[in-house]
Structures are given as structure tokens and as C-alpha cells.
J.: 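Got a structure here, written out as C-alpha cells. Questions coming.
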There are 4 protein chains.
Amino acid sequence: MAERKHFEVPKTFKGFAMKGIGNVGWIEKPIPECGPLDALVRPLALAPCTSDIHTVWAGAIGDRHDMVLGHEAVGQIIKVGELVKELKVGDKVIVPAITPDWGDSLSQAGHPMHSGGMLGGWKFSNFKDGVFGEVFHVNEADANLAKLPEGLTPRQCVMCSDMMTTGFHGAELADIKLGEQVCVIGIGPVGLMSVRGASLMGASRIIAVGSRPHCCDIAIQYGATDIVNYRNGDIVEQVLKMTDGKGVDKVIIAGGDNHTFAQAVKMMKPGGIIGNVNYLGEGENIDVPRVEWGVGMGHKFIHGGLTPGGRLRMEKMGNLIKYGRVDPTKLITHEFNGFEHVEDALMLMKDKPADLIKPVVLIEWNDDLE
Amino acid sequence: MAERKHFEVPKTFKGFAMKGIGNVGWIEKPIPECGPLDALVRPLALAPCTSDIHTVWAGAIGDRHDMVLGHEAVGQIIKVGELVKELKVGDKVIVPAITPDWGDSLSQAGHPMHSGGMLGGWKFSNFKDGVFGEVFHVNEADANLAKLPEGLTPRQCVMCSDMMTTGFHGAELADIKLGEQVCVIGIGPVGLMSVRGASLMGASRIIAVGSRPHCCDIAIQYGATDIVNYRNGDIVEQVLKMTDGKGVDKVIIAGGDNHTFAQAVKMMKPGGIIGNVNYLGEGENIDVPRVEWGVGMGHKFIHGGLTPGGRLRMEKMGNLIKYGRVDPTKLITHEFNGFEHVEDALMLMKDKPADLIKPVVLIEWNDDLE
Amino acid sequence: MAERKHFEVPKTFKGFAMKGIGNVGWIEKPIPECGPLDALVRPLALAPCTSDIHTVWAGAIGDRHDMVLGHEAVGQIIKVGELVKELKVGDKVIVPAITPDWGDSLSQAGHPMHSGGMLGGWKFSNFKDGVFGEVFHVNEADANLAKLPEGLTPRQCVMCSDMMTTGFHGAELADIKLGEQVCVIGIGPVGLMSVRGASLMGASRIIAVGSRPHCCDIAIQYGATDIVNYRNGDIVEQVLKMTDGKGVDKVIIAGGDNHTFAQAVKMMKPGGIIGNVNYLGEGENIDVPRVEWGVGMGHKFIHGGLTPGGRLRMEKMGNLIKYGRVDPTKLITHEFNGFEHVEDALMLMKDKPADLIKPVVLIEWNDDLE
Amino acid sequence: MAERKHFEVPKTFKGFAMKGIGNVGWIEKPIPECGPLDALVRPLALAPCTSDIHTVWAGAIGDRHDMVLGHEAVGQIIKVGELVKELKVGDKVIVPAITPDWGDSLSQAGHPMHSGGMLGGWKFSNFKDGVFGEVFHVNEADANLAKLPEGLTPRQCVMCSDMMTTGFHGAELADIKLGEQVCVIGIGPVGLMSVRGASLMGASRIIAVGSRPHCCDIAIQYGATDIVNYRNGDIVEQVLKMTDGKGVDKVIIAGGDNHTFAQAVKMMKPGGIIGNVNYLGEGENIDVPRVEWGVGMGHKFIHGGLTPGGRLRMEKMGNLIKYGRVDPTKLITHEFNGFEHVEDALMLMKDKPADLIKPVVLIEWNDDLE
């Protein structure tokens with residue numbers, strides 16, 4: 001068992017919270033209990049997510065009261081439970097947005113992100129206080145936290161928590177194979193990572209659907225070979241025209257809405273797979289067009305899923321950065337220094353200026369531990 | 001190259017055809033040309049399919065004129081092209097409903113049923129004369145026809161062409177694994193074969209959704225452990241109740257309509273797969289319920305596909321009968337003798353009496369070849 | 001959290017142990033500590049395994065001192081740790097031979113049987129006291145113990161721990177698909193379960209290689225269609241002859257030795273998979289014949305692996321029995337009543353009389369708990 | 001059907017051939033017959049392969065008399081059979097080393113490279129005249145030839161035939177997943193392409209085992225992050241040391257000999273997969289070390305296979321070049337102009353100077369067709 005430094009954990013902590021639908025603010029709470037497998041962590045780098053905005057201002061997951069927001073962080077351990085073996089106070093760690101209960105039946109079935117019930121691995125800022133606190137709690141610390149790879153900074157790794165792993169999962173859900181032609185619909189931060197994911201998994205042509213110039217530029221840097229802008233006409237027609245009427249092999253959905261699935265079905269070959277990582281915030285149904293779906297028999301598979309999380313996943317994300325396969329800092333367009341700026345970063349995400357992809361907040365604690 | 005018997009192929013043949021939407025009758029046509037890889041075949045056992053009914057009376061695939069119907073047959077070869085190596089005149093063969101072009105790009109990609117375009121492997125009674133003729137043409141004969149296994153009769157094997165392979169494909173699309181709990185929605189002939197397919201692939205509990213007593217009885221014989229009748233209440237609620245609120249691991253859809261997908265999504269665990277083999281005849285969209293689909297992130301995969309066809313597939317179906325894994329003759333509720341009764345069999349399929357599962361027509365030619 | 005009955009756990013327990021290589025006997029030990037996630041269990045049904053024999057008399061895993069033997073059990077919980085949520089004192093449970101650490105990296109990678117290092121999920125009678133004690137310890141109880149299915153007895157389920165799951169894993173490793181032709185080499189208890197596994201996964205022809213009449217008889221009952229006896233000649237030649245020189249699609253190895261792999265390679269088609277579940281006790285290398293392995297390029301994949309374990313796996317095994325897909329009691333040829341007979345059962349396994357497949361020991365405790 | 005240019009096919013052609021084991025030379029032969037599905041092709045770019053050397057000087061596939069050598073080519077069609085639909089005289093095409101019979105049972109089973117029997121898809125310079133002729137024959141032309149992508153030259157694409165597709169298949173056989181750590185043993189031209197394949201499929205760290213400086217340099221350019229040189233000590237020890245004793249996730253074998261498998265097993269984690277694309281030229285057995293292979297139960301899968309071929313595969317290879325994912329011309333160290341230099345290129349391959357990776361021969365025909 002690793003040697004443990006001492007750190008005096010305070011009794012309470014401040015966090016930036018959802019107070020109710022449409023209502024945010026700073027709150028102070030007692031430090032959460034640290035069970036035998038758990039850890040308490042303080043943030044070194046944070047990023048707000050569009051889903052925080054949905055949660056607060058669209059009430060997408062229902063009402064919440066005084067729930068600290070945020071699920072993207074690199075942090076530093078300030079306390080570990082007595083059964084934690086591989087981590088110790090002072091360790092810097094990548095914190096995944098998804099922190100499964102690894103013994104759960106759905107985890108054993110290969111779906112840890114749904115441990116305890118559908119989407120149950122997503123705890124932070126969903127049904128538990130998130131990472132926008134001076135301190136936050138992590139369940140099953142050994143299994144859920146990855147040490148920050150040597151030589152990498154919190155800033156370089158804070159996109160691992162959600163953007164990278166979620167974007168890449170789109171490519172995994174679509175099961176991209178060597179040489180395939182892929183369309184990525186939506187090139188916000190997740191979609192840009194889906195472009196990179198498709199490229200990393202061996203796609204040949206990657207058609208990115210988007211319109212904001214800065215995002216298009218980054219898409220090209222991440223491996224897109226073509227840009228389709230919906231302002232130039234129906235995206236299905238554009239993609240079919242570019243592929244001699246045949247369509248692409250696979251589609252990744254990382255933006256749009258419930259009707260995007262119909263577009264994806266129409267632009268894809270029989271035998272293709274749609275991989276969705278877009279959080280669908282409203283509407284009753286997703287529409288799948290009967291005829292273009294081959295009257296039920298077109299082998300156009302529709303997949304959608306929450307990103308995997310946990311330690312191993314974060315280690316893999318970290319290694320992809322460390323070994324030069326992806327530079328997620330291209331996503332970072334705005335940067336703040338100091339924990340208190342988490343509020344500014346979140347409001348920036350809400351206001352979405354044209355040049356925004358992703359803001360981050362970097363935090364220094366200036367004490368012995370660091 | 002095998003020795004070839006002589007058979008005097010006539011100049012024309014009679015067939016029972018779709019003359020236009022809602023209109024059927026006997027026609028006479030010239031014998032089709034037999035290319036170097038092809039074969040001409042005469043039927044020994046035939047079965048009409050619900051899709052023939054859809055094609056004629058619902059106009060499901062659009063209008064057709066003087067197209068011979070039918071795609072389920074066991075037959076006997078009366079002519080082979082000069083490059084056919086493994087079959088000879090007189091051979092008795094299982095004829096798949098799906099006869100791919102094996103060199104096509106989509107075949108090379110692992111989707112032969114879509115060779116030449118979506119559903120393009122389905123040629124008989126779709127865009128080519130079907131098997132309800134005294135003679136029918138088979139493309140790429142070596143690759144598409146399987147010899148009737150020794151010891152088996154045409155009657156035993158005529159369900160291979162479509163019912164068995166399609167029903168089983170539902171289980172394959174749902175990727176049934178050892179010990180999983182499965183719901184099969186719809187227990188007509190295809191659904192009953194999906195029940196058997198789920199059982200053959202190792203399901204533990206199999207909940208069959210249906211109401212006709214004879215079908216329910218056969219479902220039990222094929223491996224269903226529970227029957228759910230929609231007349232006893234909402235099927236989603238019934239299935240959830242039976243599984244302590246957790247739902248089943250997988251769902252096979254072999255009946256119902258566009259709304260059946262919503263039921264399937266609701267009764268299935270995260271991480272599950274829906275395998276659809278139901279031909280969806282009408283309506284614009286299939287509905288996928290947003291919330292129960294995990295707001296796009298529930299890992300509830302939606303698969304649907306046309307059955308594989310071709311020689312190897314039919315050989316496997318034949319072997320499953322030969323080695324006692326399935327007895328498809330349980331599906332046969334009505335039996336006719338003589339080619340001319342193909343009309344009666346089809347009309348029976350149209351009228352659907354309560355005790356009907358599947359009619360077959362058996363044909364003897366009483367000549368030297370047989 | 002479930003209500004908990006009281007049970008007075010004693011201070012020490014008796015167990016039948018390996019005292020050193022070639023040396024067994026009864027020992028008494030202090031009751032193991034029960035951590036917050038753990039449980040203490042007493043046996044209701046036990047079975048010795050050939051690997052216990054290898055461990056003691058061949059020293060296959062090296063020397064061990066005063067290690068209680070056994071890893072096949074159905075038991076009853078007598079104590080649970082304070083974080084155990086789904087189990088309570090008095091619950092009857094199926095105990096898997098393999099009890100992974102579910103948070104481990106290799107578990108997260110989908111290989112829980114290797115948690116903590118190769119074969120590390122196999123703890124009982126390997127590097128921890130086994131189940132042949134009046135009391136035994138189970139790590140991560142919620143994640144590793146499955147409740148005995150309602151209506152089933154300990155006798156019916158004790159083959160789940162190892163024989164069923166291991167035998168079935170052979171079929172999984174070979175990735176048996178609908179209609180494939182399979183050879184199972186070795187039809188001791190594991191091989192018989194591989195026969196049943198191949199049948200459950202949809203094999204058509206199943207050729208079982210064995211010689212003992214009782215085993216051959218049970219193999220047929222479990223789904224074998226042909227028996228090959230090595231006394232009648234080279235098994236490769238026999239299998240090739242039966243398959244017109246083409247070979248089988250897949251091979252499961254559940255017996256034999258290091259040279260069995262060469263036989264498997266030679267009797268299998270290109271594109272086939274060998275699934276090994278035989279514990280290879282001696283010799284330096286497994287031999288793969290270069291030429292028949294396609295000079296490295298024959299797509300004859302060689303897989304071998306320890307069975308999965310844990311709760312979900314045991315639940316699936318239990319359900320396969322409950323829903324009538326398999327009756328593992330056919331394996332039970334000898335039966336003892338009373339914990340003390342575990343010694344007799346083990347010695348029987350060592351002596352291997354001709355009519356032995358598997359002995360079990362049934363235990364009644366005759367107290368309030370039961 | 002495409003319009004067809006006229007080209008006067010000569011009666012005979014010259015080719016560089018194996019005359020017997022250890023004996024090569026120029027021969028003249030009658031032009032082969034062009035069946036209805038076939039094409040005759042003349043070369044535009046050629047490359048000799050180490051396997052040509054094995055075939056002639058090691059007699060690796062047995063004796064051959066007057067068989068034209070070579071299986072790597074880009075060519076131009078000079079004649080097509082009457083059933084060829086998508087190609088016409090004058091078309092420039094990538095010619096795969098592997099030209100399957102697409103209707104064969106093993107093709108239908110997903111293993112076209114073994115159509116007609118193990119390795120049966122490999123026809124050129126194996127059991128049919130190869131591509132080192134002024135004219136060569138291609139079976140099933142529509143299904144086996146890919147049009148040269150617009151904008152690419154024969155020189156850019158001649159590595160598609162074998163080096164790229166074979167090297168990449170190593171990565172496919174090892175089933176490389178996002179973020180995995182991979183070791184590639186052997187960095188000749190195939191191994192270098194395996195490095196690029198592993199990188200394209202998303203590996204993080206790629207450890208390349210090799211010693212020749214130029215190859216090491218190219219390996220780094222193709223994505224290797226570390227080089228291990230056997231001259232610096234045992235490669236297993238080096239790899240284990242670099243990975244903190246844990247080993248890599250996957251191993252690709254693209255060089256070495258029968259004993260290389262033992263090294264691969266020893267340096268790989270449980271749950272890993274070895275993907276072999278090395279043609280094993282001699283020795284009776286491949287050795288798999290019993291203990292490190294987990295006594296048969298370590299889930300260290302051993303895969304090896306001949307590359308896929310055919311049209312779709314070549315189209316994918318072409319697209320990977322066209323869209324900038326790989327530049328295979330880095331492999332080309334020596335270049336000749338004129339068909340007659342195929343002899344020089346082959347002898348260079350035999351002599352293997354230190355700076356050689358791959359020689360190519362470029363051919364201009366200077367006639368109307370070109």
C-alpha cells in the first residue's frame with residue numbers, strides 16, 4: 001500500500017451549484033463522507049459542459065436543489081478510504097465524468113456506464129454533487145481515478161473526462177473500420193472529438209457537417225477531409241452527391257436533434273451503423289424513416305450510448321495524449337485562472353459566443369500538497 | 001465437373017403471377033435464359049409467404065405486371081450453365097429466398113442480402129419471376145443452391161428458404177448469448193422460428209408475445225417458457241412485471257407494426273439489442289421513444305435486417321434439421337398436392353383462417369428425372 | 001438494505017486441506033475476517049474437481065501448506081460485511097469457482113477472471129482457502145454470489161460453479177454459430193458441458209471424442225450427434241472422413257494434452273476457432289503444426305481461457321437450469337451426505353473408477369438458519 | 001455496361017518465371033484464356049516480394065515449373081470477358097495479391113482468402129502465373145480489381161496489393177482498440193505497414209522491434225513511439241521493463257520465426273491477442289509456452305491469417321492513400337523503369353542490401369491505350 005501524505009480536510013466546502021431550474025449560485029456544504037473505497041478530491045482543472053446548461057436552464061433531467069454542477073475535472077487527492085490501495089493523498093488524477101459501480105450486474109454485463117440502472121454510472125451533477133466544488137467525492141477511487149500521466153498537465157488532460165471519451169465513443173458505437181467513409185454530424189467539442197476518433201480508428205474519408213468557421217478549421221486539423229454546411233442545402237443530398245449516390249459507410253451523430261437520425265439513415269449504405277453520442281434533450285420520439293431503413297430490413301443499425309468511464313478508460317485517453325495521437329487542447333478557446341472563475345466559464349458556455357468551443361478553469365492551491 | 005443428365009427443357013412455362021396490384025392469375029411465359037453460372041429449376045415443394053400477400057394486395061413494393069410470385073421452394077435442377085461445377089441436372093436443392101450476387105461490393109462487405117443495392121439480394125417475386133412457376137431461374141447456382149441433405153424430404157426443408165433463416169436471423173440480429181432472457185414479439189411462422197432461434201442460441205427464459213392458441217402451443221414446443229397475450233393488458237407492463245421491473249436482455253421483433261419498436265425499447269434493459277425481422281409495410285416512421293431510449297445514450301441498439309441467403313446458409317439450415325435441432329414441419333398446418341394448388345395455398349394465406357400457420361404445396365413430376 | 005438474521009459465527013472451522021504436495025488431511029483454522037464487502041458462507045453442496053487432484057498430487061500450481069481445497073459449492077450465508085446490500089444471513093447462494101475483483105483494470109478490460117494478474121480471479125484452493133471448509137470467505141459478495149433460483153436445490157446447482165460455466169466457456173471461446181459443425185475433444189464432466197454448450201449455442205453436428213461408455217451415453221443426451229473413439233484409429237482421420245475431408249468448423253478442447261492442439265488444427269477448416277478449456281498440467285510448449293496452420297496464415301484461431309465467474313454468470317447458469325435448457329445432474333454419478341464425506345468424494349475423484357463422472361457431497365445443518 | 005476500347009491482344013507474352021527450385025529466367029507463354037467474368041491485364045507498376053524469394057530459393061510451397069512470378073501490381077486492362085460490367089479496356093486498376101472466388105463456401109463464410117481451400121485465394125505465383133508477365137489473367141475481374149483512384153499514380157498504389165493490406169491485416173487480426181499498447185515484431189515492409197495499421201486503428205504506444213536504422217526511422221514516421229533492438233538484450237525483458245512488468249495489450253508478428261510466438265505470448269497481458277502475418281517458411285511446429293499461456297487459460301488469443309483481397313479491400317487501401325492516412329511510398333527505396341528490370345528488382349530482393357525496404361518497377365507502354 002502506498003505511503004500517504006497528510007492533508008487537513010476542512011469541514012465544509014464551497015461549490016457552484018444548481019439551486020433549481022434556471023437558477024445557479026455559490027453554496028456551502030459539509031464535506032461528504034469518504035467510504036472505505038472512496039476518495040475526496042480537489043480540482044486542478046475544470047470545464048463546464050453543454051449538459052450542465054441543459055440541466056440548469058432546460059431542466060433536462062428534472063429539478064435539482066443545491067446540487068453542485070460539473071463533471072469534467074483533473075484533480076488532486078486529499079483523502080482516501082482505508083481500502084484504497086493504489087492512490088494516495090497528493091496524487092494528481094484524471095476524473096472521469098462516469099464513475100461506475102464496478103460490481104453491479106450491468107457492469108458485469110459490459111455496460112458499466114449503466115451500473116445501478118440506465119445512465120447510472122453518470123453520477124456527478126446528475127444525482128450527486130459534481131466537480132465544481134472545492135472538494136468532491138469519488139466512489140471506488142482505485143477503479144475510477146487514473147493518475148495524471150507523467151509529463152502531462154491538468155490542462156492537457158481535462159478534456160479526457162468527457163469530451164474525448166464521449167466523442168471517441170461515437171466512433172466506437174459506429175464501429176469504424178479501416179478505410180471506411182464516415183460522416184460526423186455536429187462538430188461542437190464532442191463532434192470534433194468524434195472526427196478525431198473516426199480518424200484514429202482508421203476512416204479514410206471523413207465528412208464533417210458543421211458551419212462555424214473555427215470548428216470547421218479544427219475539424220480539418222483533426223482529420224476531416226470534407227466539410228458539409230447545411231446552409232448550402234440539404235445535408236443528405238450533399239453527402240449522397242459526394243459519394244456518387246452510394247452514401248457513407250457509417251455515421252456518427254454528435255449534434256442536431258431527434259430528426260438527425262432520419263438524415264443519418266438516408267445518407268448511409270445498407271450494412272452501416274449510426275453511432276449516437278448526442279444527448280437528446282426534448283421531444284417524444286426519435287424518427288427512423290421506414291422506407292430508407294429498408295422497411296425494417298436494411299441492416300442500418302442504430303446505436304447510441306453514454307461514454308464508458310472509470311480508470312482504465314481514462315488511462316487510455318491519457319496515453320493517447322501522451323503518445324501524440326491527439327491534442328485535445330485545440331478544443332480550448334477560453335481559459336480562466338482561479339476556482340472562482342468556474343462561474344464565468346459556465347456562463348460563457350450558456351452564452352455561447354461564436355468563437356467558443358470549450359472554456360477551462362485552471363486552479364492552483366499553493367500549498368505543500370501541490 | 002459432375003456428370004450431367006439430359007432433360008428436355010420446354011420453351012414456355014406456366015406460373016401463378018401478380019398481374020397488377022390486387023390482381024393475380026395464371027400466366028405463361030418463355031423459359032428464361034440460363035447464363036453460364038445459372039440454373040433452371042422446377043419446384044418440388046412450395047410455400048406462399050405473407051409478403052406475397054403484401055406485394056399483391058397492399059402493393060407494398062409498388063406495382064408489378066405479370067411477375068410470377070413466390071420465393072420459398074425446394075426444387076430440382078433441369079438445366080445448368082456451362083460454368084456451373086457442383087450441381088447437375090436432376091439434383092434436388094433447397095432454394096433460398098435470397099440469392100445474392102456474391103462478387104458485389106456489399107457482398108464483399110459482409111452484406112450479401114444487399115448486393116446490388118438495399119434488399120437487392122431478394123430477387124424472386126421482387127424484381128424477377130418467383131418460384132411459383134413450372135420453371136424458375138437461379139443466378140450463380142453453385143453459390144446459391146444447397147443440395148437437399150441426404151435423408152430429408154422437400155417437405156421437411158421448404159421452410160429453410162425463408163421462415164427458418166429469417167426467424168433465426170432475428171435471434172442473430174439480437175445477438176442472443178448464453179443464458180439471456182429474451183422476448184419475441186409476434187409468433188406467426190417467422191416469430192415461431194425466432195423463438196426456436198433464440199432457444200438454439202442459448203437463451204434461458206423466452207417470453208413469446210402472441211394470442212392464437214395454436215401458435216402459442218407451438219411456441220412452447222419451440223422453447224418459449226412464457227406466453228404474453230396483449231389481450232391481458234399492455235405487453236410492456238406484463239414483461240416488466242415478469243422480470244421484477246428490470247426488463248429482458250434482448251427483444252426480437254417478428255410481428256406488430258412501427259409502434260412495436262417503442263414497446264421493445266421500453267421492455268429492454270440498457271445494453272440490450274432489438275433484432276427486427278418484421279417487414280414494415282406502411283407508415284412513414286418507426287418511433288423510438290426518447291426517454292426510454294436513454295435520451296440517446298442507453299445502449300439499446302436497434303438492429304433490423306433481411307435474412308442472409310445463398311448456399312452456405314441453406315446448408316446450415318438443412319444441417320440443423322438433419323441433426324435434429326429443429327423440426328420446421330410443426331409450422332405446416334395445411335398441405336396440398338400438385339403444382340396447380342399453389343393458387344389455393346396463396347389464397348389460404350390471404351384469408352388467414354385461425355388455425356393457419358403455413359401451407360405447403362408438394363409436387364411430383366413423375367418422370368425419369370425424379 | 002435487506003433485513004439480516006442473526007447467526008453465531010464460531011471462532012474456528014474445520015476443513016479438508018492440502019498439507020503439502022501429495023499430502024491431504026483435516027485441519028482447523030480461525031474463521032477468516034469478513035471485510036465490508038465480503039461474506040462468510042457455509043456449504044450446502046460441494047464437489048471435488050480434477051484440478052484439486054492436480055493441485056495436490058501433481059503439484060501443478062506449486063506447493064501449498066494447510067490450504068483448504070475445493071472451489072465448487074452451493075452455500076448459505078452466515079455473515080455479511082457492512083457494505084453488502086443485496087445479500088443477508090440465511091440466503092442460499094451459488095458460489096462461483098472464480099470470484100473476481102471487479103474494479104481491477106483487467107476486469108474493466110473485460111477479463112475479470114484475470115483480475116489482479118493472469119488467472120487471478122481464481123482464488124479458492126489456489127491462493128486462498130477453498131470451499132471444503134465448514135466456513136469459507138467470499139470477496140465482494142454482492143458481485144460474486146448469486147441467489148439460488150427459486151425452486152432449485154443445491155444439488156441441481158452445484159455444477160454451476162465450475163463444470164457448467166467452464167464447459168460452456170469452451171463453446172464461447174470457439175464462438176459457435178448457428179448451424180456449425182463442431183468437434184469436442186474430451187468428454188469428462190467439463191467436455192460433456194462443452195457438448196451441451198455447443199448444442200445450446202446452435203451447433204448442428206457435434207462430434208464428441210471419447211471412449212468411456214457412460215460418458216458417451218451422456219454426450220448423446222447432451223446433444224452429441226456422433227462419437228469418435230481414439231481406439232478406432234487416429235481421431236483426425238476419423239473426423240476428416242466424417243466430413244468429406246473438409247473438417248469441422250470449430251473445435252472445443254476439454255481434455256487431452258499439449259498435443260491435442262495439433263489434432264484440433266488438423267481437423268478444422270480455415271477460418272475456424274479452437275476453444276480450449278483444458279487445464280494443461282505439464283510440458284513446456286503447446287505444439288501448433290506449421291503447415292496445417294496455413295504457414296501462419298490459415299485463420300485457424302487458437303483461443304483458451306479460464307471461465308468467467310461472478311454473480312451475473314452464476315445467475316445465467318442458474319436460469320439455464322431453471323428454464324430447462326440443461327440438466328447438469330446427469331453429470332452426478334456418486335452422491336454423499338454429510339460434510340465429513342468431502343474426503344471420500346475427493347479420494348473417489350483421485351481414484352477415478354470407470355463409472356465416475358462427478359461426485360457431490362450434500363450437507364444439512366439442521367438449525368434455525370436453514 | 002461500359003464502352004470498350006479496342007486493344008489487339010498478342011498471341012504470346014514474356015514473363016519472368018520460376019523454372020524450378022533455385023532457378024529463374026525469362027519464358028514465353030501463350031496468352032491465357034479470358035473467361036466471361038475475367039480480364040487480361042498488363043502491368044504499370046510491379047514489386048517483388050520476399051515470398052517470391054522463398055518460393056524460388058527455399059522451395060517453400062514446393063516445386064513449380066515455368067510459373068511466372070509476382071503478385072504485386074498496378075495494371076491496365078487489355079481485355080474483359082463478356083459478363084464483366086464495371087471495367088473496360090484501358091482502365092487502370094489496383095491488382096490484389098489475393099483474388100478470391102467470391103461464390104465459394106469459404107468466401108460466404110467470411111474467409112474469401114481461403115476460397116477453394118486454405119490459402120486458395122492466393123493464386124498469383126502460387127498455383128497460377130503471376131504478374132511478372134507482359135500480360136496476366138485476373139479471375140472475376142469486377143469483383144477483384146479496383147480502379148486506380150483519381151489523382152493517384154501506379155507508383156503510389158502498388159504497395160496496396162500486398163504490403164499495405166497484409167501489414168494492416170496484422171493490426172486487424174490483433175483487433176487493436178483505441179488507446180491500446182502494441183508491440184510490432186519485425187519491421188520489414190509488412191511490419192512497417194503493421195506499425196501504420198496499429199496507429200490507424202488507434203493504438204497509443206507502439207513498440208517496434210527491429211534493428212536496421214532506415215527501417216527504424218520509417219517506423220517512427222509511421223507511428224512507432226519506441227524502438228526495441230534485439231541486439232540490446234532479450235526483447236521480452238525489454239518490453240516488460242518498458243511496461244512496468246505488465247506487458248502490452250496486443251502483439252503483431254510480422255517477422256521472426258516459429259519461436260517468435262513464445263516471445264509474443266510472454267510480453268502480452270492476459271486478454272491480449274497476437275496477430276500474425278508472417279509467412280512461416282520452415283520448421284514443424286510453432287511453440288506456445290504452456291506456463292505463460294496461462295496453462296491453457298490465459299485468454300491470450302493466437303490469430304494468424306492471409307490478407308483479404310478483392311476489389312473492396314483494394315478500394316479501401318486506395319482511399320486510405322487518397323485521403324492522406326498513409327503514404328506507402330516511404331517503403332520504396334529502389335526504383336526501376338522498364339518491364340525488363342523486373343529481373344533486377346527480384347535479384348535485389350534476393351540479395352537484400354542493408355538499405356533495401358522495397359524496390360518497384362515502373363512500366364510505360366507508349367501506345368494509344370495509355
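Proteins get letters first, then strands, A, B, ... in listed order; numbering begins at 1 in each.
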J.: With a 4.5 Å limit on heavy-atom distance, are the side chains of B/F301 and A/I302 in contact?
T.: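 The answer is no, as the side chains (C-beta and beyond) never meet within the 4.5 Å cut-off.
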J.: Tell me, side chain or backbone of B/K300 under 4.5 Å from chain A's heavy atoms, or both, or neither?
T.: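 Both backbone and side chain of B/K300 come within 4.5 Å of chain A.
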J.: Given that the side chain runs from C-beta out, which part of A/H111 has a heavy atom under 4.5 Å from chain B: side chain, backbone, both or neither?
T.: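 Contact with chain B involves the side chain of A/H111 alone.
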J.: Any side-chain to backbone donor/acceptor pair from A/N276 onto B/G296? Under 3.5 Å, distance only.
T.: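 Yes: the side chain of A/N276 pairs with the backbone of B/G296.
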J.: Using only atom types and a distance under 3.5 Å, with no angle test, would you say the side chain of B/R290 pairs donor to acceptor with the backbone of A/G283?
T.: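 Yes; judged by distance alone, with no hydrogens or angles, the pair exists.
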J.: So, do B/N285 and A/V288 sit near enough that their side-chain heavy atoms are less than 4.5 Å apart?
T.: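 No, their side chains stay 4.5 Å or more apart.
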J.: Would you mind reporting whether A/V291 and B/E284 have side-chain heavy atoms less than 4.5 Å apart?
T.: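 Result no, sub-4.5 Å side-chain heavy-atom pair not found.
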J.: Side chain, backbone, both or neither: which part of A/H114 has a non-hydrogen atom closer than 4.5 Å to chain B?
T.: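 The side chain, not the backbone.
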J.: With the side chain counted from C-beta on, respond yes when A/L119 and B/M297 share a heavy-atom pair under 4.5 Å apart, and no when they do not.
T.: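 Contact flag for A/L119/B/M297 side chains = yes.
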J.: Write out, in numerical order, the residues from residues 240-270 of chain B with a heavy atom short of 4.5 Å from a heavy atom in chain A.
T.: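 From residues 240-270 of chain B, the residues near chain A are B/N258, B/F261, B/P270.
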J.: Does any backbone or side-chain atom of B/I61 lie under 4.5 Å from a heavy atom of chain A? Answer side chain, backbone, both or neither.
T.: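 No part of it gets close to chain A.
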J.: Pick whichever of B/I273, B/D287, B/V277 has the most heavy-atom pairs under 4.5 Å with chain A.
T.: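 So the answer, after comparing B/I273, B/D287, B/V277, is B/D287.
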J.: Supply the atom-to-atom distance A/H299 NE2 to B/H303 NE2, rounded to the nearest 0.5 angstrom.
T.: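 It comes to 9.5 Å.
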J.: Tell me, out of A/G294, A/G305, A/G271, who's got the most heavy-atom pairs with chain B below 4.5 Å.
T.: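 Highest number of pairs under 4.5 Å: A/G305.
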